[in-house]
Amino acid sequence: MPARKPSKTRKAVTRPGPASAPVASPISLILIDDNRLLREGLTAMIHTQPGFKVLVASADVDEALQRAREAKPDVILLDFGLEDHDSLGLTATVHDEVPGARIIIMGLLPAQEDVATYVRAGASGFIMKDASFQDFFATIRAVAGGAEVLPQALTNSLFTQIVANVVGRKQARLLEGVRLTNRERQVIDLLGEGLSNKELATRLHIAVHTVKSHVHNVLEKLALRSRLEVAAFTHSGRGARTPES
Amino acid sequence: MRKRISVVLIDDNPSMRAGVVASIRAHRTFEVRSAPPQTAAALRKVRKTKPDLVLLSLRREGDHGLSLARALHAQISASRVILVGLEPVHKDVMSFVRAGVSGFIMAQASLLTFLSTIGSVARGIKVLPPELTHSLFAQLYGPAIRN
């Protein structure tokens with residue numbers, strides 16, 4: 001079993017004063033959403049609740065990522081439908097680069113085709129587009145406390161994806177023993193979309209020479225000769241994220 | 001009058017089986033029969049009665065439950081399977097989902113949760129209790145390509 005993020009226990013701090021009972025420190029959050037109205041609305045709503053602290057609320061992914069690396073928030077709330085960024089790729093990036101933060105994907109619809117892929121990228125919880133305030137805060141609290149949260153409305157989608165992926169098991173078995181990092185799996189997926197090294201670098205928020213190094217490693221590990229072969233490989237039904245126990 | 005939901009219970013514990021059957025029978029929404037836990041006999045009974053739901057409640061260790069779930073899904077796919085009596089840490093939850101199981105009920109579930117789950121699954125809704133989400137996510141995250 002790979003290292004999924006360990007469950008965290010809320011830290012307890014003691015505030016000075018006559019009745020200095022231990023108080024749980026607030027859950028620190030970073031919110032990434034490119035819908036300004038929604039972002040500001042959510043931030044204002046979170047501020048009304050005790051026990052939460054919004055470190056950054058931004059549409060600027062690079063800024064938010066940088067802040068996340070520095071501030072190491074408890075939870076990162078990430079919008080599912082970012083217009084200029086791939087939310088799935090960003091989930092994997094955050095999972096790789098901010099290992100202490102737990103990721104919640106927001107704004108999902110019931111028939112979501114890639115819940116399983118988001119779980120594999122490192123998401124710990126999901127919030128539906130039509131979630132109530134109560135669901136919203138309950139999910140953040142649960143995920144910050146180490147639990148995973150799957151709304152009932154997504155269970156059909158997730159089960160269907162797991163059953164459908166049985167087809168890919170044979171090819172996946174062939175790859176047992178091949179060791180790839182999360183980043184390399186992301187690179188494989190994006191090569192499958194036909195992206196250039198420069199586009200890969202932009203999408204993954206890393207330098208072009210780093211992309212080249214990942215591509216080189218992927219080719220070597222999968223014993224393939226070209227990026228075209230990698231693309232063909234990803235379209236062969238295996239997929240880099242095929243679930244398999 | 002609405003058609004009652006037909007249920008077959010496959011349980012390897014006779015006293016438990018009697019209790020569960022009595023609990024379900026108390027509700028007029030359901031009609032319930034029981035079947036023996038042995039694969040061939042269980043399949044025969046389900047094939048013959050074609051229930052809406054099969055409740056699979058096997059305490060015996062081993063792969064019997066999994067192979068029975070697979071056989072039920074493959075041979076009598078119209079009957080939806082619910083796995084009953086689970087503990088929070090379940091190493092096979094993903095295998096059971098893959099085997100076509102539509103819902104799960106924890107060992108500690110209340111009668112209300114029990115009845116609500118079988119009602120939901122009968123309507124085509126898949127049910128994963130929150131207690132099992134961690135196990136499923138962890139198994140889903142365990143990649144074919146090892147990190």
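Throughout, a chain's letter reflects where its sequence line sits, starting with A, and its residues are numbered from 1.
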Taking the side chain as C-beta and beyond, is there a heavy-atom pair between A:Leu158 and B:Leu140 under 4.5 Å?
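Yes, at least one pair of side-chain atoms sits under 4.5 Å.
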
Any B:Tyr141 side-chain heavy atom under 4.5 Å of A:His95 side chain
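Yes, at least one pair of side-chain atoms sits under 4.5 Å.
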
Interatomic spacing from [atom1] in [X] to [atom2] in [Y] - rounded to 0.5 Å:
{"X": "A:Phe159", "Y": "B:Phe104", "atom1": "CZ", "atom2": "CZ", "answer": "5.0 Å"}
{"X": "A:Leu154", "Y": "B:Leu128", "atom1": "CG", "atom2": "CG", "answer": "11.5 Å"}
{"X": "A:Ile162", "Y": "B:Lys126", "atom1": "CD1", "atom2": "NZ", "answer": "11.0 Å"}
{"X": "A:Gln152", "Y": "B:Ile125", "atom1": "CD", "atom2": "CD1", "answer": "6.5 Å"}

Might you confirm whether atom CD of B:Gln108 has over 12 heavy atoms from other residues, nucleotides or ligands at distances under 6.0 Å?
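Not more than 12 within 6.0 Å, no.
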
Tell me, which pairs form a side-chain hydrogen bond (donor to acceptor under 3.5 Å, both in side chains) where one or both residues lie in residues 73-82 of chain B, sequence neighbours left out?
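Passing the test, one end in residues 73-82 of chain B: B:Arg47-B:Gln75.
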
With sequence neighbours excluded, residues passing side chain to side chain donor-acceptor pair (under 3.5 Å) with B:Ser102
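Side chain to side chain donor-acceptor pair (under 3.5 Å) check on B:Ser102 returns nothing, list empty.
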
Minimum heavy-atom distance between A:Val149 and B:Phe137, given as atom pair plus value
O-CZ, 4.4 Å

Name the residue from A:Leu150, A:Thr155, A:Val119 that meets the side-chain contact (heavy atoms from CB on, under 4.5 Å) definition with B:Thr133.
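With B:Thr133 as partner, A:Leu150, A:Thr155, A:Val119 yield a single side-chain contact (heavy atoms from CB on, under 4.5 Å), made by A:Leu150.
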
Okay, side chain of A:Asn156, backbone of B:Val127: is any donor-acceptor separation there less than 3.5 Å?
no

